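For reference, the structure discussed in these notes is given below.
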There are 2 protein chains.
Amino acid sequence: MDSLDEIDKSILKILQRDAKQTTKDIAAALNLTISPVYERIRKLEAQGFINKYVAILDQKKIGRPVTAICQVSMRYHNEAFIENFVNEIQHLEEVQECYHMAGQVDFLLKINVKSLEEYHDFVRYKLSKIDNIGVLNSTFVLKEVKHTSEFFF
Amino acid sequence: MDSLDEIDKSILKILQRDAKQTTKDIAAALNLTISPVYERIRKLEAQGFINKYVAILDQKKIGRPVTAICQVSMRYHNEAFIENFVNEIQHLEEVQECYHMAGQVDFLLKINVKSLEEYHDFVRYKLSKIDNIGVLNSTFVLKEVKHTSEFFF
DNA sequence: GCTGAAATGTTCGCTTA
DNA sequence: TAAGCGAACATTTCAGC
């Protein structure tokens with residue numbers, strides 16, 4: 001009930017590459033009829049293997065070409081400050097990814113903005129306003145070499 | 001022909017949150033009929049604003065709980081080595097993201113695997129086999145605080 | 001940008017192995 | 001328990017206004 005067989009894996013492989021494949025298409029690819037594929041997909045959704053379906057936009061076309069990586073260290077490492085930081089980050093729409101890390105740096109953030117100026121404003125008026133931030137180190141992406149949301153099977 | 005009005009932006013906002021919203025749903029949300037919404041979506045796809053539609057899977061449920069950040073510096077910075085590295089990375093399915101960075105570190109990679117042992121194997125038998133790698137520094141994600149593919153408007 | 005109708009896809013109860 | 005069939009319903013797609 002909670003583990004995936006080869007057919008489930010094949011379905012997930014297809015859907016994480018292209019969610020617009022119809023049940024019919026997938027059934028054809030797997031030599032099955034529509035019903036079992038339909039039921040498996042519903043099950044994978046219900047059990048939480050599939051979280052959601054999204055449209056992936058083109059960063060450059062929509063005018064947000066600047067990506068920065070920002071490494072943040074906290075001044076004091078107590079629970080309340082950490083929780084506060086985590087909360088604040090959720091509301092900052094410029095932040096696409098944020099990870100609590102092992103090692104010297106506490107958090108690694110991936111930030112997407114229109115321009116370097118906007119990044120400056122983001123750091124100055126939003127990020128550095130969060131309480132208890134110690135060191136804050138920004139580097140910029142020159143080129144996105146690879147970016148996928150696919151997991152391999 | 002290449003710029004977005006407010007309606008386009010609203011459509012993109014909806015679709016990057018939930019690609020399963022039907023044309024009908026979106027039309028209702030925007031107080032429009034189906035046709036204009038339908039035509040705009042097709043146009044946004046054709047013009048490349050929307051790259052693709054994908055299913056987002058649950059990292060933990062599918063048994064791939066370990067995420068590592070690996071920072072790579074090249075030994076020599078000539079074009080051929082860089083291009084080789086970029087090429088090799090495309091084929092490594094454990095690598096979800098790879099950025100060519102400004103600054104001391106040349107590349108930042110996000111890697112997703114089943115276990116620390118698998119990460120070890122990845123570094124030893126795949127990553128460090130690539131020619132001309134100098135420094136290689138790994139840190140691990142303790143907690144994914146935020147991860148979205150949405151761009152804000 | 002709207003209307004409406006044909007084509008396509010989804011959903012689900014029932015049947016079969 | 002998992003797969004298949006088929007009918008009812010929903011959505012997509014597109015020509016014509």
Side-chain angles (χ1 to χ4, degrees), chain A residues 1-63 148-153, chain B residues 1-64 114 148-153:
Chain A
M1 187 228 149
D2 237 311
S3 67
L4 304 167
D5 65 11
E6 288 309 311
I7 296 175
D8 290 326
K9 287 182 189 171
S10 299
I11 292 173
L12 292 177
K13 237 186 284 185
I14 292 169
L15 287 177
Q16 63 174 342
R17 196 154 300 161
D18 179 8
K20 285 292 180 197
Q21 294 275 316
T22 64
T23 309
K24 194 178 163 190
D25 296 335
I26 298 170
L30 304 181
N31 278 313
L32 286 169
T33 53
I34 293 174
S35 324
V37 174
Y38 172 76
E39 275 155 26
R40 278 166 184 271
I41 294 174
R42 285 305 89 83
K43 210 167 175 182
L44 290 167
E45 290 168 357
Q47 292 180 352
F49 289 100
I50 297 173
N51 273 334
K52 54 182 174 175
Y53 299 92
V54 303
I56 302 295
L57 309 188
D58 188 296
Q59 210 182 125
K60 298 231 172 80
K61 289 285 288 188
I62 63 164
T148 177
S149 55
E150 286 176 41
F151 296 100
F152 66 98
F153 284 102
Chain B
M1 187 229 150
D2 238 311
S3 67
L4 304 168
D5 66 10
E6 287 309 309
I7 296 175
D8 290 327
K9 288 182 190 171
S10 300
I11 292 173
L12 292 177
K13 236 185 286 186
I14 292 169
L15 287 176
Q16 62 175 341
R17 196 154 301 159
D18 178 9
K20 285 291 178 196
Q21 294 275 315
T22 64
T23 311
K24 194 180 166 190
D25 295 335
I26 297 171
L30 304 181
N31 278 313
L32 287 168
T33 53
I34 292 174
S35 327
V37 174
Y38 173 76
E39 277 155 23
R40 278 167 184 271
I41 294 174
R42 283 305 90 81
K43 209 169 176 182
L44 290 166
E45 290 167 357
Q47 291 180 165
F49 289 100
I50 297 173
N51 272 335
K52 54 182 174 175
Y53 299 93
V54 303
I56 302 294
L57 308 189
D58 189 296
Q59 210 183 124
K60 299 230 173 80
K61 289 284 288 186
I62 63 164
R64 214 149 285 94
K114 269 202 256 305
T148 175
S149 54
E150 287 176 41
F151 295 101
F152 67 97
F153 285 102

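Everything numeric in this text was worked out from a predicted model, so none of it was measured.
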| said: Tell me which one of B:Q16, B:K20, B:E45 satisfies side-chain hydrogen bond (donor to acceptor under 3.5 Å, both in side chains) with B:Y53. | reply: B:E45
| said: I need the B:L57 CG to A:K13 NZ distance, nearest 0.5 Å. | reply: 12.0 Å
| A:A55 to B:A19 - nearest heavy-atom pair and separation | N-CB, 3.8 Å
| remark: By salt bridge (charged side-chain N to carboxylate O under 4.0 Å, His left out), B:K9 pairs with (sequence neighbours left out) B:E6
| query | Say you draw a straight line from NZ of B:K114 to CD1 of B:I62; how long is it, rounded to the nearest 0.5 Å? | reply | 9.0 Å
| query | Rounded to the nearest 0.5 Å, how far does CD1 of A:I56 lie from CG of B:N51? | reply | 8.0 Å
| task | Could you check if a side-chain atom of B:V54 sits within less than 4.5 angstrom of a side-chain atom of A:D18, using non-hydrogen atoms only? | result | no
| said: Within the supplied structure, the quantity of interest is the number of heavy atoms (other residues, nucleotides, ligands) at a distance under 6.0 Å from B:K61 NZ; does it exceed 12? | reply: yes
Do any side-chain atoms of residues 32-41 of chain B form donor-acceptor pairs under 3.5 angstrom with protein atoms, and if so which ones, sequence neighbours left out?
from	atom 1	to	atom 2	distance (Å)
B:R40	NH1	B:D5	OD1	3.0
B:R40	NH1	B:D5	OD2	3.1
B:R40	NH1	B:D8	OD1	2.9
B:R40	NH2	B:D5	OD2	3.2

| query | First and last nucleotide of DNA chain C touching chain B, 5' to 3', heavy-atom cut-off 4.0 Å? | reply | C:dG1 to C:dT3
| Covered region of DNA chain D, 5' end to 3' end, by chain B [heavy atoms, under 4.0 Å] | D:dT11 to D:dC14
| task | Can you measure from CD1 (B:I7) to CG (B:N31) and round to the nearest 0.5 angstrom? | result | 10.0 Å
| task | Using heavy atoms and a sub-4.0 Å distance, could you list which residues of residues 22-36 of chain B are near DNA chain C? By number, please. | result | B:T33, B:S35, B:P36
| message | Measuring only between side-chain heavy atoms, which start at C-beta, is A:F49 closer than 4.5 Å to A:I11? | response | no
| Euclidean distance, B:K52 NZ relative to B:I50 CD1, rounded to 0.5 Å | 13.5 Å
| Pairing pattern in dot-bracket form [Watson-Crick, G-U; both distances under 3.5 Å; | = partner strand] for DNA chain D | |||||||||||||||||
| query | Which sits closer to the 5' end of DNA chain D, A:R40 or A:K20, going by the nucleotide each is nearest to? | reply | A:R40
